[in-house]
Every structure is written in C-alpha cells, then in structure tokens.
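Values reported hereafter were calculated over all heavy atoms of this structure, with side chains retained and with hydrogens, waters and symmetry mates removed.
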Amino acid sequence: MTALAGTPVRKIIAAVADAAQRWSDADFPPRVRVTERIAQRTRYAAPVVEYALDRLFFGITAATIESTIRAELGSLEILDDFTRRDGRPDAWAAPAGRVCIISSRTTIGVAIVPAIFALCAKCDVLVKDREDTLVGAFFDTLAEELDAFEGAAQATIWTANDEHALSLGTFDAVVAFGTEQTLRAISRSIAPGARLIGYGSRASAGYITRESLRDTENAVRIAHGAARDLVLYETEGCLSLHTLFVERGANVSLTEFGRILSSAIEAANVEFPVGERSETHAAQIAQQRDLAAFRAAGGRGCVFASEKAEYAVIVDQPATEPPYFLPRTIGIVAVDEPGGAVAYVREHCLRLEGFALSDDRSDAVQAAVQAGAARLARFGDLQDPPLSGDHGGRPRIAEFVRWIDRTL
C-alpha cells in the first residue's frame, strides 16, 4: 500500500492546489529563499526566475487537475474506488507504485508537474532534486497542507557517484529528463517491467505566413511574441524558440522583419535581463554574428546583433545550417511554403516540442503537425504551456496508473 492509498483523491487535489496557491505569492518566504538559489544555479536573471515560478504555480489549480484526470481516465472516482474502466467490470485501476523523478538541469520546476499527477494517482514519489531544492521546499508545503504527503512525497539530492544514491531498480516507474544517451543509460538501470517515462531533448520552431506580415503593425505584434519566446531561459528550454521560418513575398520584407524582431528583442531584454554568460557562449554568438555579416557582404541576408553579442538575429539563414542553439540567437529561414519548414526539420533531425504559428492557415497548421510538434501555440505563448497539455506527447496521469485484470 502506498502512503496516499486511503486518502480521497479530491483531498489530495485540494491540498496540491492550496500549496501551489501559497507558492504563487512572490513574497512567500520559502519561495523567496528558493528564488535566489535558482538564480545562482541557473545564472538566469531574477525576473526570469520569477516569471518561471509564476507560470508554474499559477497554472496548478484544482479545476485544471480535475479536468485533466477526467480527460485521461474518465473520472476522479476511478482513483478512489478501483472501479471499471471503459465499461469493463474486470479492469481495476491502482497506483503504479513507487515513482522516481529525475529533474532537468535547465527547466525550472519541471519535475513538479509529473510529481503532482503521480501523487494524485496515489503513488509514492521520490524526486532527485536540483541544488536549489525547489521541489523539496514545495513538498514541505504539501506536507503542511496534508500530513499524508510527508510519507508520499520526498525529494533529495544525489549524484551518480554517490555511494548512498538509491538504486533505480527499486522503483515501479522512473520519470527522466535528459538527452537520448541519458535516457538509454537510465533504461538499463531500471527493474524489468518498470516503466520509463522519458522526456528527451527537444527543440521548438515558429512559422510566420506572408499574410501575417501584411503590415508593420502585425509584424511588430508577432515580433514581440517571438522575442519573448526566444529570450526566456536563455533559449535553453525545449519550448524556447530555436528556429524561425518566414514566408517570402510578404508586404514586410525579411530584412525589415529582422529589424523589427531585433528591436523587440532589445525590449524583451529590459523585461528579462540577460543572465550571467559563459565566455564560450559569448564567443560563439559573436562568431555566428560575424559569419552572418560576412555572408551579408557577399549579398546573402543580413544580421542584427548587439555590439556585446547579447543577442543575434540572422536573416536568411542557409537551410543547410542547423539551428544555432545559442542564448538569444535566432536564425530566420526563408521558405516559399510550409513544406519547406517540414523539410528543414527532417533534414536536421529535429525533435520538436513546440511550434508557434502566426495564424491558423490550414497548411501551416498541418505542417506543424507533420513536423512532429507535440504542442502548437501562438507566438508569445510558446513558453507558457497549460498544465493540462501533454508534455512530449505523453499523458499527464495515465502512466502513473496500472490496470489490474481481476479475472486473472
């Protein structure tokens, strides 16, 4: 039996939502302490960290958790009564068991969402926390809301070389964020029959139709959304804008849009200041800026960048080049139609998490789906996924439930 097995699911949800509401207050003392530690660990500017915590905790509400569970499992009661599934009286629902969640290095609080859904499924959860101890601090608040969480939700820090590290072979499910190489290594460490719920490294893209660039006003609106998607989290997250496709033949030219986007990035840099940069990143951005300037001198495209290489907008990036994956650096790839974007994604073997669209033109929407994007969004909303939305194309709670055939 798990620690939450006898607790009604509505009571679990209410406690999670109440804890999230407390963490939504920027002056909540545990959040104040953790915010500083997150900024030190990630080297992101404080306003970026505050934005990330707001987006995380504002979205955790009882109504949203309940609607997500109903959408995936059919009802909340199935988690309490072990009732039938899809009309079959022989299928019972039960918690998956012990769940280990290995946090991402970059995305702030990414382990909290799977943790709360695993808890709603009445699993016992252990999170491998980051050095800022965000998850552990949130779990402390959960325990203040409901005593049963003290045994059900735990967080600790360990390294691969730590002799006291827990064996992944003792868990019924393991949630992991990381590279494909990391996920393969973890898969070899889990017990036979255990579930690996893996979230590999992904990128995100944007597509702007020529109709959307019919005038400067629309171009400015789109550019400000794209700039936010680019600068947040120093372009490190899977939902950061990594490449941008713009159709040729618009009233606003590629060069003019590049200039507008550059201005929008400068404005976004005021709201979300540049974090602490490594010398390597600064040198790499400067190198791409200078290469783009060299191409421009030869008649191909142009580049807009700050003198200190805080950002770079490279217009008419060659389709043969992959995305730059550098802080606040974006290449604009010119295309004639959405098929060009799909071809680019496939040529560079990009696994897409998000795809921002400037409008609902059907062929652009279809191309985003064909490119394999797990989430479609408007520019400016790419970095603000809903709690109910799939992450990496996976369900939120279904994988933390096991179905028992009582006829066996």
Side-chain angles (χ1 to χ4, degrees), residues 16-61 64-65 103-116 127 129-142 144-145 155 157 177 204 224-242 264-278 281 310-311 327-328 353-354 356 375 377-389 391:
V16 168
D18 288 346
Q21 185 176 28
R22 293 170 70 184
W23 275 81
S24 297
D25 180 0
D27 294 325
F28 183 49
R31 172 168 163 168
V32 172
R33 292 190 291 271
V34 166
T35 297
E36 184 176 350
R37 294 198 294 267
I38 294 173
Q40 291 173 349
R41 179 181 69 82
T42 62
R43 299 193 293 184
Y44 296 160
V48 175
V49 177
E50 293 285 6
Y51 178 89
L53 295 176
D54 284 350
R55 298 283 72 73
L56 173 62
F57 292 113
F58 286 175
I60 301 175
T61 66
T64 304
I65 296 173
S103 294
S104 164
R105 179 187 64 82
T106 54
T107 307
I108 297 170
V110 70
I112 286 179
V113 174
I116 64 175
V127 174
D129 211 349
R130 305 306 303 185
E131 296 83 352
D132 51 56
T133 67
L134 167 60
V135 179
F138 179 68
F139 281 179
D140 287 343
T141 308
L142 283 181
E144 291 174 4
E145 295 291 335
I157 301 172
F177 302 85
S204 289
H224 278 278
R228 173 178 289 245
D229 294 334
L230 174 70
V231 307
L232 278 170
Y233 319 123
E234 300 301 325
T235 326
E236 289 186 323
C238 64
L239 285 171
S240 295
L241 185 62
H242 295 108
I265 292 171
E266 290 182 355
N269 286 349
V270 175
E271 183 179 5
F272 302 111
V274 176
E276 184 182 344
R277 289 265 177 90
S278 69
H281 274 156
E310 292 176 328
Y311 73 90
R328 307 191 187 216
E353 178 67 22
R375 176 173 180 263
R378 292 293 189 201
F379 283 100
D381 294 333
L382 194 58
Q383 300 263 34
D384 189 15
L387 183 73
S388 57
H391 181 183

Measure the shortest side-chain to side-chain distance between His391 and Arg375 over non-hydrogen atoms and say whether it is less than 4.5 angstrom. no
For residues Val135 and Ser103, report the shortest heavy-atom separation together with the two atoms involved. CG2-OG, 4.4 Å
Minimum heavy-atom distance between Ala115 and Val127, given as atom pair plus value: CB-CG2, 4.3 Å
Output yes when Glu271 and Arg228 qualify as a salt bridge under the 4.0 Å nitrogen-oxygen rule, no when they do not. yes
Flag the pair Tyr233 / Val48 as yes when at least one side-chain heavy-atom distance between them is below 4.5 Å, and no otherwise. yes
Value rounded to 0.5 Å, distance of CD in Glu276 from OG1 in Thr42: 10.0 Å
From Leu239 CG over to Ser204 OG, what is the distance, rounded to the nearest 0.5 angstrom? 4.5 Å
Hey, is the main chain of Ile38 close enough, under 3.5 Å, to the side chain of Arg130 for a donor-acceptor pair? no
Under a 4.0 Å N-O cut-off, is there an ion pair linking Glu234 with Arg328? yes
Which distance, rounded to the nearest 0.5 Å, do you find between the CD1 of Ile108 and the CG of Leu134? 8.5 Å
Could you check Val274 against Val231 for side chain to side chain contact (heavy atoms under 4.5 Å, CB included), going step by step and ending with a plain yes or no? CA-CA 8 Å; Val274 176; Val231 307; over 6 Å; no
Do the rings of Trp23 and Phe28 sit parallel, tilted or perpendicular, given the 30° and 60° boundaries? perpendicular
What is the minimum heavy-atom distance between Val16 and Leu142, and which atoms define it? CA-CD2, 3.7 Å
Any donor and acceptor pair, going by atom type alone, linking the side chain of Thr133 with main-chain N or O of Gly136 inside 3.5 Å? no
The side chain to side chain contact (heavy atoms under 4.5 Å, CB included) partners of Asp54 (sequence neighbours excluded) come to Arg31, Phe58
What is the distance from atom CG of Asp18 to atom CD1 of Ile60, rounded to the nearest 0.5 Å? 12.0 Å
Would you kindly check if the NZ (Lys) or CZ (Arg) of Arg55 is within the cone defined by 45 degrees around the ring axis of Phe57 and under 6.0 Å from the six-membered ring centre? no
Single hit among Arg37, Arg41, Arg33 for side chain to side chain donor-acceptor pair (under 3.5 Å) with Asp132: Arg41
Pairwise distance CZ(Phe272) to OH(Tyr51) - rounded to 0.5 angstrom: 6.0 Å
Within the distance-only criterion (no hydrogens, no angle test), does the side chain of Ser278 pair as donor or acceptor with the backbone N or O of His281 below 3.5 angstrom? yes
Shortest non-hydrogen pair, Cys238 vs Glu353, comes out as O-CB, 3.7 Å
Could you pull out the closest heavy-atom pair between Ala155 and Asp129, with the gap in Å? CB-OD2, 3.9 Å
N/O donor to acceptor pairs below 3.5 angstrom from side-chain atoms of residues 379-386, sequence neighbours left out:
residue: Gln383; atom: NE2; partner: Asp229; partner atom: O; Å: 3.1
residue: Gln383; atom: NE2; partner: Leu232; partner atom: O; Å: 3.4
residue: Gln383; atom: NE2; partner: Ser240; partner atom: OG; Å: 3.1

Rounded at 0.5 Å granularity, tell me how far OG1 in Thr235 sits from CG in Leu230. 4.5 Å
Would a 4.5 Å heavy-atom cut-off, applied to side chains only, mark Pro114 and Phe177 as touching? yes
If you apply the rule side chain to side chain contact (heavy atoms under 4.5 Å, CB included), what do you find for Glu145 with Arg22, and how did you get there? CA-CA 10 Å; Glu145 295 291 335; Arg22 293 170 70 184; 3.0 Å; yes
Please check if the number of heavy atoms outside Glu236 that lie under 6.0 Å from its CD is greater than 12. yes
